[in-house]
Each structure stands twice: as C-alpha cells, then as structure tokens.
Amino acid sequence: MDGLGNDELTDEVAEMYAGRTAPGCLMDTFRRAVLLCPTEDREPLAVDDRGITWLLAFTTPAALARWAVARGDGAAPWEFARIDGARLLDVAAPEAGSPCGVAVDVGSDRPLLLPPVRGIVPDRVAVDEKNGAIAARRRVGL
C-alpha cells in the first residue's frame, strides 16, 4: 500500500488501455486522485514538448522512482508535492501561461496524457483545432 489510494485510477487506466472504459469515468477518477508531483523550487515540474507544457504526476512512489531512475536521477532525493488531480487540471494547468496538460506515470508501461483540451482543463485555457492551436490527438513522446 502506497498511502495514496490510487488503485481505482490505475485500474481505470488499465481498462482504458484495454478499450473498456468511458473517458468520463476516467476523468472523474483522475480528478479525485491524489498524485505525486516532483517539484523544483516548490513548483510542479513540467516539460515542454512542441508547444505544450506537461505537468508531471505519478500515481505511486514506485512510479515516481522508476521515472527518476530512467532520467538518470535515481540516486538524487526528489522533492514532491501531493496534489489532487482536480487541482492539477483546474488550477496548476491554467497557471502555466501556455497550453498545459498533465502527463501521468511517464516512463511506465501505461502512461496517461491529459491534453489541454475542453473537457479536461477549463474551457478558457483549452486549445482546440478551431483556434489554430495544436491538435490534441497528436501523440507526444515524453
């Protein structure tokens, strides 16, 4: 037990990969989850890829550790914050100042990318094809 209680979220992601979950159910579960977000200078760590900022979030300490090892930073201590999924989408993503989504469990066999589109982030900061912004369907390699 990791103390985060994200079994429901990891189960939903597994169901998504198997093609057996509704996106609305996954989003509801994500919004209730408490995730580990590595931080730098007390701010959630983010990466930029082709015009989109991705906040990094992990469902378990083990997933965070695997990511740190994969980047070559496994021996260094990582500061992290516990942040509700809803807060990541509704507060942190809009504060990024550029199109911003959430990348969950990057480096794992089942990552989850929540792009900055309507229905995921607040409409006022969502990008879509109508306004000429980056198409959300494009796969981002983190």
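Worth saying up front: this structure is predicted, and the values here are computed from it rather than measured.
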- Message: What verdict does the side-chain contact (heavy atoms from CB on, under 4.5 Å) test give for Leu26 and Leu9, after you've listed the backbone C-alpha separation in whole Å, the side-chain angles of each residue and the deciding distance to 0.1 Å?
- Response: CA-CA 7 Å; Leu26 177 62; Leu9 178 58; 4.0 Å; yes

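In plain terms, the two heavy atoms of Trp78 and Pro38 that are nearest each other are CE3-CB, 3.8 Å. When all heavy atoms of Val117 and Ala126 are compared, the closest pair comes out as C-CB, 3.6 Å. Here the closest heavy-atom approach between residue Ile83 and residue Pro44 is recorded as CD1-CG, 4.2 Å. Minimum heavy-atom separation, Cys37 to Ala57: SG-CB, 3.9 Å. Counting all heavy atoms, side chain and backbone alike, Pro111 lies closest to Tyr17 at O-OH, 2.6 Å.
Leu114 is not listed as a side-chain neighbour of Leu88, based on a closest heavy-atom distance of 4.5 Å or more. Using a 4.5 Å cut-off on side-chain heavy atoms (C-beta onward), Ile120 and Pro115 make contact. Residues Val102 and Leu56 have side chains not in contact (no heavy-atom distance under 4.5 Å, counting atoms from C-beta outward). With contacts defined as side-chain heavy-atom distances shorter than 4.5 Å, the pair Pro116/Val125 does not qualify. Inter-residue side-chain proximity for Leu36 and Arg82 is flagged as met; some heavy-atom pair is nearer than 4.5 Å.
Only one option out of Thr10, Val13, Asp7 pairs with Thr59 in a side-chain contact (heavy atoms from CB on, under 4.5 Å); it is Thr10. For the side-chain contact (heavy atoms from CB on, under 4.5 Å) with Glu12, the qualifying choice from Asp28, Leu112, Thr29 is Thr29, the only one to do so.
Every residue was checked against the side-chain contact (heavy atoms from CB on, under 4.5 Å) condition with Asp11, not counting sequence neighbours, and none meets it. Listed by chain and number, the residues in a side-chain contact (heavy atoms from CB on, under 4.5 Å) with Ala86 are Arg31, Asp90 (sequence neighbours excluded).
Linking Ile, Leu, Val, Met, Phe, Trp and Tyr whenever their side-chain heavy atoms come within less than 4.5 Å leaves Val91 and Phe30 in two separate clusters.
In this structure, Asp105 contributes its side chain and Ala63 its backbone to no donor-acceptor pair below 3.5 Å.
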